[in-house]
Amino acid sequence: MTTSQAAPSRLTRRGFLSVGAAAALSLTALSACSSDDGDGSGTKKITFWLSTSAQLDGYTNLAKEFEAKEGVTVEIVNVPYDGYQDKLRQSAQANSLPDVASVPSLDPIWINQLQDLSATANNEANKIRKDILTVQDGKTLCIPSDITAAGLFINKTLFAKAGVEFPTDPNKTWTWDEFLAATAKVRDAAKAKYSLVYDNSPARIRAFIYNNGGKGFQLGSDGKYATPDDATIQALTKFAALNDDKVMPKSVWTSGADPNALFKSGQVVAYFSGVWQVADFAEGITNFEWASAPTPGPVHATDINLGGKVVAFNNGDRASAAKKWVDFMFQRDNYAKLAQSNGYLSVEAGLDLKYPFTKQSALDAFALYNKEIELADPISSSGQAAGTTLVLQGKAIQTDPTKTEMAKFINGQQDVQKTVTNIVNGLNEQIG
């Protein structure tokens, strides 16, 4: 079965969660919907929704080229991530969906309103990876904009100041215990505030579970989430203990503090997030040197997901223009420009991308992430595969309970067994 994630993935990134930043980048009000030219001569405007705080230029540049070629304006609407899924659901109910969107996940409420993107997806000239497509009954429902993976960033300046070395080759990575020992030395020697900040995301904590030998919350053959193995329970216990306001601040997982901003402050030794941060860091970090470092083990695993899932809605007279925009986006030369500008790991095979980063750390980061993906244990993509299975069954996890339940555990409001039970029950309640 071909796969694409249905549970929230890249767009749950902390770098994309700042409502203020996203609103500031909005190119138009959310109420602006697709429209025709009004005189019956054909569509002159379509809307394209996405949510980003750091990956907008590539789309705006392509939209200008598309307008010059097709005479159709692409009105880009940058939606704050918080509430994006709800906004799409409300729009579906009001029959006012955008024409094209880069969505966090597919949703049963509007999946039957999607156009078939098979012509673009199967065009051999594009060389789009077939294993990342979501296909149902021969119909391609979406094409991911990019591949993503969770991973580690470090404050290289603090490591140098403390005289502590770090690995650079994923084949010779450190364990979590070795990583924590190293960052503690750096924190104390360089007088940093915390050893680590960690994205408050169910997808990111999956990586921690996999790294530490657990299988996590897996969808069983009976269509239900099962109670996880002992290694998962041990990993969650270990993770909660790290939130001690010394290794990690409790505020990220319990009260919504922004780990991206904390890392950028220069007072944190390391940050566990993902590849989407590279473009932001390349431009936004000027007060210290940073680097991507291999993800700790002992198991070489991460959480491999797909980027924004590009879909085209069947909005009557605008449907044809919407499909043209998607096809234009994934034409090989155009996609190369998009991937380079936005800092994407490519969904099209064989592209020789020249990322426009002036910092070697950004270029090194992409090389490292490619290696990490190659070496990752197959379990790394199980989360997004389960999401696809559910959505194709007309089901979806709308609100993953992991964040809420882990916050209670970290705050000492419940033990790990209660936490695990509540997560499993919370997932299963949503899928019936």
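Everything quoted here is computed from the prediction, not taken from an experiment.
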Tell me if the centroids of the rings in [X] and [Y] come within less than 6.0 Å of each other.
X      : Y      : result
Phe357 : Phe366 : yes
Tyr271 : Trp290 : no
Phe263 : Tyr194 : no

Should the pair [X]-[Y] be classified as a salt bridge under the 4.0 Å nitrogen-to-oxygen rule?
X      : Y      : result
Lys238 : Asp177 : yes
Glu405 : Lys408 : yes
Lys246 : Asp244 : no

- Message: Determine whether a donor-acceptor pair (N or O, by modelled atom type, separation under 3.5 Å) exists between the side chain of Asn212 and the backbone of Phe208.
- Response: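 Judged by distance alone, yes, a pair lies under 3.5 Å.
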- Rounded distance (nearest 0.5 Å) linking atom CD1 of Ile379 with atom OH of Tyr210: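 Answer for the CD1-OH pair, Ile379 versus Tyr210, is 5.0 Å.
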- Task: Take Ser105 and Gln85, measure what side-chain hydrogen bond (donor to acceptor under 3.5 Å, both in side chains) needs, and give me the verdict at the end.
- Result: CA-CA 8 Å; Ser105 61; Gln85 290 288 80; 2.5 Å; yes
- Report the C-alpha distance between Gln277 and Asn260 in whole Å, list the side-chain angles of each, state the deciding distance to 0.1 Å, and finish with yes or no for side-chain hydrogen bond (donor to acceptor under 3.5 Å, both in side chains). CA-CA 9 Å; Gln277 299 288 7; Asn260 178 284; 2.8 Å; yes
- Item | Leu196 and Phe179, any side-chain heavy atoms less than 4.5 Å apart |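 Yes. Closest side-chain heavy atoms under 4.5 Å.
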- Test log, rule side-chain hydrogen bond (donor to acceptor under 3.5 Å, both in side chains), inputs Asn305 and Thr148: CA-CA 5 Å; Asn305 276 303; Thr148 72; 4.9 Å; no
